[in-house]
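Take a look at this one; I'll ask things after.
Note that this is a predicted model, so its numbers are computed, not measured.
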Amino acid sequence: MVAKRKKKYSTGEAAQFMTRKAALKKLQLSLNDFRHLCILKGIYPREPRNRKRAQKGQTGIKTLYHVKDIQFLLHEPIIWKLRDYKIFNKKVGRARAIRDFENLHKYLNNHPTLKLDHIVKERYPTFLDALRDLDDCLTLCFLFSTFPSLAHVPRDQSALCQRLTMEFLHAIIEAKALRKVFISIKGYYYQAEIKGETITWIVPHHFSFEPQQKSEVDFKIMSIFVEFYTILLGFVNYRLYHSLNLHYPPKFSSQSTIDDVEKNIVDEEAFVSERVSALNYPILKVTTDLIQDDVTIDNFALDEDPNKVEEAKKEAEKVKKLKTLFKGLKFFLNREVPREPLVFLIRCFGGEVSWDKVLFIGSTFDENDETITHQIIDRPSMPKQYISRYYIQPQWVFDSINARELLPVEKYFMGEVLPPHLSPFIDPERDQQYIPPEERALYDPSVLEDQYKKDENIIQEMTNAEEESNQESNVEEEKIREKETNKSKLSVSTGEVYKEVPWEKSRQERQEYKLREKMIKKKHKKLYNSMMEGRKERAKAIWLLRKKRRLHDEKKATEKVGKSRKQE
Amino acid sequence: MGKLQKPLKRKFDANIKEKVATSTSEHKETDEENEDFLQDNEEVRENDSSDSEGDIENSDSENENYESFEEESEEDNDNLSESDAEEKDSGGEEQEASSSDEEENIEENDRQETNSKTVNTTNDEYDEYDTSDEEDIRNTIGNIPKNWYDEYKHLGYDWDGQQIIKPNTGDHLDEFLKRMEDPNFWRTVKDPQTGQNVILSDDDINLIKRIRAQKIPDVSFDEYAPWIEWFTSQVEQMPIRKIPESKSSFLPSKDEARKVSKLVHALKMGWIKTREEQAKLRAKKEPQFYMLWSTDDQPEEMRRIHKHIPAPKRLLPGHAESYNPPPEYLFDDRELKQWNKLKETPSKRKLHFLPQKYDSLRQVPAYPRYIKERFLRCLDLYLCPRAIKMKLNIEPESLVPKLPSPRDLQPFPTTLAIEYKGHTDMVRTISTDKTGQYLLSGSDDCTIKIWEVNTGRCVKTVITESVVRCVEWCPNGALSLVLVACGNQVLLINPGVGDFVVRNRTDEVLKEVPHNDVIVTERVKSTVQWYEPEPNMYEKGVRIQLNHFKMVSQVTWHGKGDYFGSVMPEGQSRSVLISQISKRKSQLPFTKSKGLVQRILFHPTKPVLFVATQRHVRIYDLLKQAQIKKLMTNSKWISTIAIHPGGDNLLVGTYDRKMLWFDLDLSTKPYQTLRLHGTAVRGVAYHKRYPLFASGSDDRSLIVSHGMVYNDLLKNALIVPLKRLQDHQAFNDFGILDVHFHPLQPWVFSSGADSTIKLYSN
């Protein structure tokens with residue numbers, strides 16, 4: 001008997017992948033439900049090694065899922081919940097259509113709810129995994145917390161987002177975990193370090209919500225993501241609060257300057273949530289004993305590079321200092337300053353902060369408090385000023401945190417033209433990147449001085465040049481005359497010593513390298529070429545930036561000259 | 001008023017209970033009072049219609065706080081027992097109305113009684129009730145806690161909306177003085193409504209005293225008045241109505257039973273929920289958080305995603321994204337133009353946003369694409385296929401092979417030493433004699449020239465009939481003979497330079513035409529004819545002349561200098577011809593065409609012939625008359641070949657820019673492919689003594705390389721490009737046409753299309 005012929009694409013890569021259509025058929029779900037499921041369970045398509053083989057010889061690009069992923073979905077209990085949703089929608093639709101309000105009411109009361117706790121645990125086996133993946137979660141939750149009620153976003157979702165994000169901020173404040181901040185045109189970037197994981201999130205600027213076109217943004221999808229992310233964030237908050245010895249949900253100590261009368265008026269829940277969003281009240285701790293978290297690094301690493309150990313120590317020292325950066329300082333926020341980010345920052349680094357009582361609940365002292373050291377202000381002038389405090393612009397807070405020290409306030413005074421705000425996320429060790437002079441000055445303060453000197457020199461030269469230009473014409477004529485007289489005389493010129501051309505050697509080396517370049521294996525040639533291309537492009541970008549800067553500086557210098565001349 | 005009525009009712013309920021309690025004791029009093037009461041009652045009824053409102057207000061003000069609290073709780077109750085209330089509403093309303101009427105009457109009664117004793121018959125009822133009200137009405141703040149106004153300088157607003165300023169209360173000293181001096185100080189009280197001091201009258205004080213003593217405030221009220229039996233205590237034996245009670249009044253209502261059973265069923269089935277259940281459900285629907293992970297880093301065993309690939313994080317922002325970036329990051333006009341040009345294809349833009357500068361944080365607007373960007377990230381997370389890609393973290397320099405430095409591989413030609421000028425057209429071919437004293441060149445200007453290498457002087461010029469395609473000096477040192485291919489002819493020329501003895505000997509050897517009996521086949525005859533040169537040709541130096549039937553493109557000597565091969569590319573099966581000088585005889589080694597033959601080459605030591613056709617190099621054993629190997633070049637068109645003096649390595653130059661180094665012992669595939677040139681390679685050569693080889697191409701460059709071949713078979717050849725020499729001029733897109741090494745010195749000659757020959761020395 002002839003052995004049965006093996007069918008093509010029944011093993012190997014072709015058997016490992018499944019198109020989306022096949023997956024839908026296998027799971028007996030509609031595309032919408034499948035999408036919902038994939039988002040919640042964190043299933044994503046995979047890129048096969050060989051697309052043609054994985055697609056069983058079909059051309060074109062299909063969405064391919066791993067077969068094991070789909071099998072994993074097959075036994076998921078929330079599939080049944082999704083089917084319940086389908087039935088529920090049908091029932092509700094029917095009841096509404098036949099105006100059977102009694103039943104409609106009944107159905108609506110028994111609305112099926114998804115329970116996602118097990119999925120959180122399944123997707124994030126450990127707490128650290130959850131922290132690692134918190135970036136998107138936080139960014140989206142912060143965005144949703146600004147949303148009004150929308151068509152496809154459940155009503156309580158934004159409220160929940162708001163609650164959870166504020167709780168998270170409290171945890172960061174209590175843990176003093178914030179490390180870097182940045183104001184970009186998109187929003188505020190925050191970077192915190194929790195348990196050795198860096199978490200970066202973006203909080204949009206005010207009024208970030210604007211209605212979107214249906215073809216542009218599908219809020220339904222985002223809402224599904226948020227549905228999962230809120231649960232994740234809740235659990236993360238819970239664990240964070242516990243590791244910090246705080247009550248969850250947050251409670252406030254009774255002594256925290258709250259009048260009983262006020263408490264009577266406002267109902268309890270709203271009262272607490274308002275305190276939470278004020279960010280200005282310390283949360284009640286479970287135990288009062290302090291946790292000693294600053295463990296000294298023991299010097300175990302004998303085999304490691306001693307320089308590295310030294311560096312790590314320095315870094316730890318710096319971080320420790322950063323945690324108490326604003327300790328002892330009292331800030332007052334003016335009305336036009338965005339309250340939430342600044343309160344968060346100042347409280348994170350141990351400062352005291354308050355604002356106008358009318359503005360928002362939770363202010364702790366008034367503007368006329370004499371002990372205020374800094375008033376943060378974002379307007380060109382102010383009628384009534386106190387001598388005892390600095391009036392500074394908000395960028396000072398951000399720049400100080402990134403510099404990890406209190407910067408001199410002179411450049412940030414009210415009405416001053418601010419120095420550029422630099423991103424703290426740039427790795428200074430990466431080669432081939434443009435470093436603006438301001439950033440270089442952070443590492444080495446002498447650079448900026450040089451820059452200023454250079455500017456002055458330019459100005460001087462320019463002034464000198466114009467003065468000289470009048471004299472030059474006379475000088476030149478004289479020179480010509482001298483030359484003529486010199487020519488007629490017999491003279492012996494001294495011989496020139498033959499000097500080795502300094503660039504000759506490098507030129508030769510370059511030539512040799514070029515020939516060697518041709519000997520690269522064919523296998524690596526493309527890679528090498530692309531790498532070199534990239535390098536060239538980067539060099540060009542740097543060159544361009546440098547040129548623009550130079551032109552800008554020159555322009556500024558000429559303007560200065562013009563101004564000074566006008567004054568004269 | 002609708003809302004107010006309910007609390008009132010409750011109060012009246014309380015009153016009536018009190019009343020009932022008192023009335024029971026008074027029950028057995030005389031009828032006189034009863035009549036009196038009835039009279040009063042009538043009077044009150046008159047009042048009732050006009051004054052009920054004022055009355056209510058009055059009672060209102062008496063216990064405001066209490067009421068407001070009541071009201072709330074009542075409302076709460078309402079919500080809780082809506083169904084109850086509804087049921088009541090239908091039946092109970094009438095009752096309520098009537099009972100309230102009664103109660104009012106009773107209360108009114110009460111008051112009337114007290115008043116009737118002090119003021120006998122006064123019809124002006126306003127005097128009596130509204131005195132206290134009028135004072136109050138000045139302040140319009142209503143029924144609110146007065147301490148709300150503690151911080152302000154006013155204590156309310158009058159009818160015109162003007163603030164009622166707090167009356168000036170003296171300081172502590174004044175108060176002290178008052179206390180000392182004013183005899184009425186102790187009975188002075190501050191009115192919270194007006195803020196003014198009021199001196200209490202004796203009656204008031206008595207009243208207060210009575211209240212404090214928990215007595216009934218009204219002095220005139222008789223606690224022990226006789227009981228008046230309003231309702232008879234006797235039980236009637238007979239029904240008052242004539243109609244007997246219906247049967248249904250004894251049976252439980254079926255309708256109600258049906259309703260109840262419906263409710264019970266719904267409760268059982270869970271269609272409706274009790275209030276407790278509802279609260280529980282609501283709590284359940286809200287997410288409940290607990291300690292999900294027991295430890296930080298120990299995962300619990302459970303089924304998870306197969307080989308999870310975490311999503312890459314978003315790139316962190318650079319300086320350009322700052323709200324106040326350094327000035328160089330802002331776009332200038334050109335960049336802005338470029339940005340706008342790529343509107344259709346935003347992915348091609350260098351940055352995905354337009355850098356912007358704001359003078360202060362106050363002016364920074366919301367980023368319009370923020371939501372869209374977050375949405376795209378969401379799409380990426382669930383739609384974008386993921387794969388693990390290894391990121392190469394290497395310097396590009398590490399890809400360049402490590403080769404010994406050229407400086408360690410000296411000597412090799414580095415500098416241009418001599419230029420040989422004299423030809424008027426491109427020099428296709430060059431060759432040197434065995435000692436390296438003379439250089440032979442053939443050019444398109446139909447001449448061959450012999451140059452003295454060291455001086456660069458042209459020693460001799462021989463004019464030929466057509467374009468010279470190939471020249472080669474005889475490798476045999478005993479013969480002074482040169483092979484020249486021009487047009488259809490191959491000429492054997494005695495150049496007449498060098499050793500005198502050798503020159504003459506050569507002439508002598510070639511003078512005697514050997515006689516042989518071998519019959520030349522027709523095939524060979526039609527291919528080539530041997531001629532003795534005519535006298536004028538002999539003068540020029542031509543000793544033997546061979547006329548071929550097609551154009552000869554190449555001639556090459558066998559290592560011993562007796563045989564030579566010639567190539568006629570258009571000759572089909574007769575394209576390769578091998579001739580022997582000593583016997584003046586030619587033979588055609590191949591019977592079949594193997595393709596377009598480009599070059600042939602004799603092995604330096606073995607009887608082996610290399611034939612380069614357009615794509616392959618075939619190796620034939622001349623003794624066995626069989627093909628040994630076929631080398632695969634993997635290129636489109638071979639231009640030239642050269643063999644290493646050791647005989648084991650072959651260098652092939654191609655028109656498609658490559659140079660192929662074949663190790664004949666290794667395989668039929670090239671050992672190394674060198675792409676040193678940018679255009680077609682036209683000449684390649686090995687040095688006879690030094691481990692050098694050179695190649696010239698149309699890009700005018702001559703590249704000298706180190707090519708060390710080791711005797712150890714395990715060690716592969718080492719190839720290092722050493723020097724690029726670029727001195728020739730381009731002419732008609734041709735650069736260097738031929739390359740030749742000096743036989744003894746590490747010098748190289750190159751002949752170019754610019755009709756010069758150049759010598760490079762070390």
field: Heavy-atom check, side chain of Glu438(A) versus side chain of Pro326(B), under 4.5 Å
entry: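 Yes. Closest side-chain heavy atoms under 4.5 Å.
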query: Relative to chain A, which of Gln278(B), Lys313(B), Arg369(B) shows the most heavy atom pairs under 4.5 Å?
result: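 Among Gln278(B), Lys313(B), Arg369(B), the one with the most close pairs to chain A is Lys313(B).
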Test item: Tyr329(B) and Tyr434(A) side chains (from C-beta on) under 4.5 Å apart, heavy atoms: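 Yes. Closest side-chain heavy atoms under 4.5 Å.
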- prompt: Taking every heavy-atom pair that is under 4.5 Å apart, which of Ile394(B), Thr295(B), Leu379(B), Val720(B) has the most such pairs with chain A?
  reply: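 Maximum pair count with chain A is reached by Thr295(B).
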task: Using a cut-off of 6.0 Å, state whether more than 12 heavy atoms not belonging to His105(A) lie near its atom NE2.
output: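 No, NE2 of His105(A) has 12 or fewer neighbouring heavy atoms, counting only those of other groups under 6.0 Å.
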query: Side-chain contact, heavy-atom cut-off 4.5 Å: Glu537(A) with Lys350(B)?
result: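 No; the side chains remain at least 4.5 Å from each other.
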- prompt: What residue, out of Pro436(A), Ala130(A), Ser208(A), has the most heavy-atom pairs lying under 4.5 Å from chain B?
  reply: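 The residue among Pro436(A), Ala130(A), Ser208(A) with the greatest pair count is Pro436(A).
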message: If you count heavy atoms of other groups shown closer than 6.0 angstrom to CD of Glu102(A), is the number above 12?
response: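 Counting neighbours around CD of Glu102(A), 12 or fewer heavy atoms of other residues, nucleotides or ligands fall under 6.0 Å, so no.
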- prompt: Taking atom CG of Leu399(B) and atom NZ of Lys525(A), what is their separation to the nearest 0.5 Å?
  reply: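 NZ of Lys525(A) is found 11.5 Å from CG of Leu399(B).
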- prompt: If you measure from CG on Asp117(A) to CG on Leu292(B), what distance do you get to the nearest 0.5 Å?
  reply: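 Taking CG in Asp117(A) and CG in Leu292(B), the distance rounds to 7.0 Å.
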Interchain contact, Gln363(B) with chain A, by part (heavy-atom threshold 4.5 Å):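 Looking at Gln363(B), nothing touches chain A.
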Separation between CD1 of Ile371(B) and CD of Gln212(A), rounded to the nearest 0.5 Å: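 These two atoms lie 4.5 Å from each other.
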message: For the backbone of Glu122(A) and the side chain of Arg304(B), can you confirm whether one donor and one acceptor N or O come within less than 3.5 Å of each other?
response: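 Checking the backbone N and O of Glu122(A) against the side chain of Arg304(B), a donor-acceptor pair under 3.5 Å is found.
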task: Take Gln395(A) and Tyr323(B), measure what side chain to side chain donor-acceptor pair (under 3.5 Å) needs, and give me the verdict at the end.
output: CA-CA 10 Å; Gln395(A) 196 188 316; Tyr323(B) 87 104; 2.8 Å; yes
message: Whether the Tyr370(B) and Glu210(A) side chains hold a donor-acceptor pair (N or O, under 3.5 Å, no angle test) is what I'd like checked.
response: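 The criterion, which ignores hydrogens and geometry beyond distance, is not satisfied for Glu210(A) and Tyr370(B).
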task: Considering non-hydrogen atoms only, spot the tightest contact between Pro299(B) and Pro125(A) and give its length.
output: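 Heavy atoms only, the tightest pair is CB-CB, 3.5 Å.
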message: Any salt bridge linking Glu397(B) with Arg516(A)? Criterion: basic side-chain nitrogen under 4.0 Å from a carboxylate oxygen.
response: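 Answer for the salt bridge query: no.
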- request: Name the option with the most non-hydrogen atom pairs under 4.5 Å to chain A; the candidates are Leu381(B), Leu330(B), Leu674(B).
  value: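 Option with the top pair count is Leu381(B).
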Residue selection (most heavy-atom pairs with chain B, distance under 4.5 Å) from His552(A), Met519(A), Lys547(A):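 Greatest number of close heavy-atom pairs with chain B: Met519(A).
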- request: Evaluate the criterion side chain to side chain contact (heavy atoms under 4.5 Å, CB included) for residue pair Lys41(A) and Ile305(B); output intermediate values, then yes/no.
  value: CA-CA 9 Å; Lys41(A) 291 280 280 182; Ile305(B) 303 169; over 6 Å; no
- prompt: Just wondering, more than 12 heavy atoms not from Lys372(B) lying within 6.0 Å of its NZ?
  reply: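 It does: Lys372(B) NZ has more than 12 such atoms within range.
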message: Can you tell me if Arg724(B) has over 12 outside heavy atoms packed within less than 6.0 Å of its CZ?
response: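 More than 12 heavy atoms, drawn from other residues, nucleotides or ligands, come within 6.0 Å of this atom.
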task: In plain terms, say whether Asp136(A) and Arg374(B) are close enough for a salt bridge, that is, a side-chain N and a carboxylate O under 4.0 Å apart.
output: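 A salt bridge is absent here (no side-chain N lies under 4.0 Å from a carboxylate O).
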- prompt: Roughly how far apart are Met291(B) CE and Phe127(A) CZ, rounded to 0.5 Å?
  reply: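 The CZ atom of Phe127(A) is 9.0 Å from CE of Met291(B), to the nearest 0.5 Å.
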- prompt: Is a donor on one side and an acceptor on the other found under 3.5 Å between the side chain of Ser322(B) and the backbone of His421(A)?
  reply: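 The answer is yes, because a donor-acceptor pair under 3.5 Å joins these two groups.
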query: Got a sec: does the CZ of Arg349(B) have more than 12 other heavy atoms crowding it under 6.0 Å?
result: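 More than 12 within 6.0 Å, yes.
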- request: Determine whether His319(B) and Gln433(A) make a side-chain contact, defined as any pair of heavy atoms from C-beta on separated by less than 4.5 Å.
  value: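 They are not in contact (no side-chain heavy atoms under 4.5 Å apart), so the answer is no.
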message: Shorter than 4.5 Å, heavy atoms on both sides: which option in Ala311(B), Pro287(B), Ser360(B) has the most such pairs with chain A?
response: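 Result: the option with the highest number of such pairs is Ser360(B).
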message: Can you give me the closest heavy-atom contact between Phe182(A) and Glu321(B), atom names plus distance?
response: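 Nearest heavy atoms, Phe182(A) then Glu321(B): CZ-C, 4.1 Å.
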message: For Glu300(B) and Lys121(A): C-alpha separation, side-chain torsions, deciding distance, then whether salt bridge (charged side-chain N to carboxylate O under 4.0 Å, His left out) applies.
response: CA-CA 9 Å; Glu300(B) 201 177 293; Lys121(A) 198 164 189 185; 2.7 Å; yes
query: Under a 4.0 Å N-O cut-off, is there an ion pair linking Glu373(B) with Lys186(A)?
result: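 Salt bridge present between Glu373(B) and Lys186(A).
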query: Roughly how far apart are Ile388(B) CD1 and Arg46(A) CZ, rounded to 0.5 Å?
result: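 Answer for the CD1-CZ pair, Ile388(B) versus Arg46(A), is 8.5 Å.
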Heavy-atom pair count under 4.5 Å with chain B, highest-scoring of Gln511(A), Glu439(A), Glu509(A):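 Most pairs with chain B among the choices: Glu439(A).
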message: Which one wins on heavy-atom pair count under 4.5 Å against chain B: Glu517(A), Gln191(A), His111(A), His75(A)?
response: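 Max contact count across the listed options: His111(A).
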- prompt: Are His306(B) and Gln71(A) close enough that a side-chain donor and a side-chain acceptor fall under 3.5 Å?
  reply: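 Judged by distance alone, the side chains do not pair up.
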message: Is there a side-chain contact between Leu515(A) and Leu722(B) in this structure, where contact means two heavy atoms from C-beta onward sitting under 4.5 Å apart?
response: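 Contact flag for Leu515(A)/Leu722(B) side chains = no.
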- prompt: If you count heavy-atom pairs under 4.5 Å with chain A, which of Cys384(B), Ser398(B), Cys378(B), Ala387(B) comes out on top?
  reply: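 Option with the top pair count is Cys378(B).
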message: For Phe235(A) and Tyr290(B), take the angle between the two ring planes, folded into 0 to 90°, and tell me which bin it lands in: parallel under 30, tilted 30 to 60, perpendicular over 60.
response: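 If you compare the ring of Phe235(A) with that of Tyr290(B), the planes turn out perpendicular.
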query: Distance-only, no hydrogens or angles: does the Asp378(A) side chain make a donor-acceptor pair with backbone N or O of Arg362(B) under 3.5 Å?
result: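 Present.
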task: Nearest 0.5 Å please: distance from the CD atom of Gln508(A) over to the OG1 atom of Thr414(B).
output: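 Interatomic distance, Gln508(A) CD to Thr414(B) OG1, rounded to 0.5 Å: 8.5 Å.
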- request: Check for a donor-acceptor pair, side chain of Tyr44(A) on one end and backbone N or O of Ile309(B) on the other, with a separation under 3.5 Å.
  value: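 Yes: the side chain of Tyr44(A) pairs with the backbone of Ile309(B).
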- request: Could you please spell out the steps behind the side chain to side chain contact (heavy atoms under 4.5 Å, CB included) verdict for Leu544(A) and Glu335(B)?
  value: CA-CA 11 Å; Leu544(A) 191 70; Glu335(B) 280 168 313; 3.5 Å; yes
field: Side-chain heavy-atom pair Leu233(A), Phe289(B) within 4.5 angstrom cut-off
entry: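 The answer is no; the side chains never approach within 4.5 Å.
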- prompt: CG of Asp408(B): more than 12 outside heavy atoms within 6.0 angstrom?
  reply: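 More than 12 heavy atoms, drawn from other residues, nucleotides or ligands, come within 6.0 Å of this atom.
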message: Using salt bridge (charged side-chain N to carboxylate O under 4.0 Å, His left out), reason through Asp297(B) and Lys195(A) one step at a time and then give a plain yes or no.
response: CA-CA 11 Å; Asp297(B) 47 4; Lys195(A) 300 197 189 267; over 6 Å; no
Max heavy-atom pair count under 4.5 Å with chain B, selected residue of Pro204(A), Pro394(A), Cys38(A):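 The candidate making the most pairs under 4.5 Å is Pro204(A).
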Sidechain N-carboxylate O distance under 4.0 Å for Glu328(B), Lys548(A):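 So Glu328(B) does not pair with Lys548(A) through a salt bridge.
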message: Below 4.5 Å, heavy-atom pairs only: which of Ile221(A), Leu551(A), Leu131(A) has the largest tally toward chain B?
response: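 Of the options given, most contacts go to Ile221(A).
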Partner chain A: residue of Lys357(B), Lys307(B), Lys402(B), Glu395(B) with the largest heavy-atom pair count (under 4.5 Å):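 Heavy-atom pairs under 4.5 Å are most numerous for Lys307(B).
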message: Can a donor-acceptor pair be found, under 3.5 Å and without considering hydrogens, that links the side chain of Asn324(B) to the backbone of Pro419(A)?
response: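 A pair under 3.5 Å: yes.
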Side-chain touch Asn110(A)/Lys273(B), heavy atoms, less than 4.5 angstrom: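 Yes, close enough: below the 4.5 Å cut-off.
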- prompt: Would a distance-only check, ignoring hydrogens and angles, find a side-chain to backbone donor-acceptor pair under 3.5 Å from Trp293(B) to Tyr124(A)?
  reply: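 Checked: pair present.
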query: Does the side chain of Arg303(B) reach to within under 4.5 Å of the side chain of Phe72(A), using non-hydrogen atoms?
result: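 Yes, at least one pair of side-chain atoms sits under 4.5 Å.
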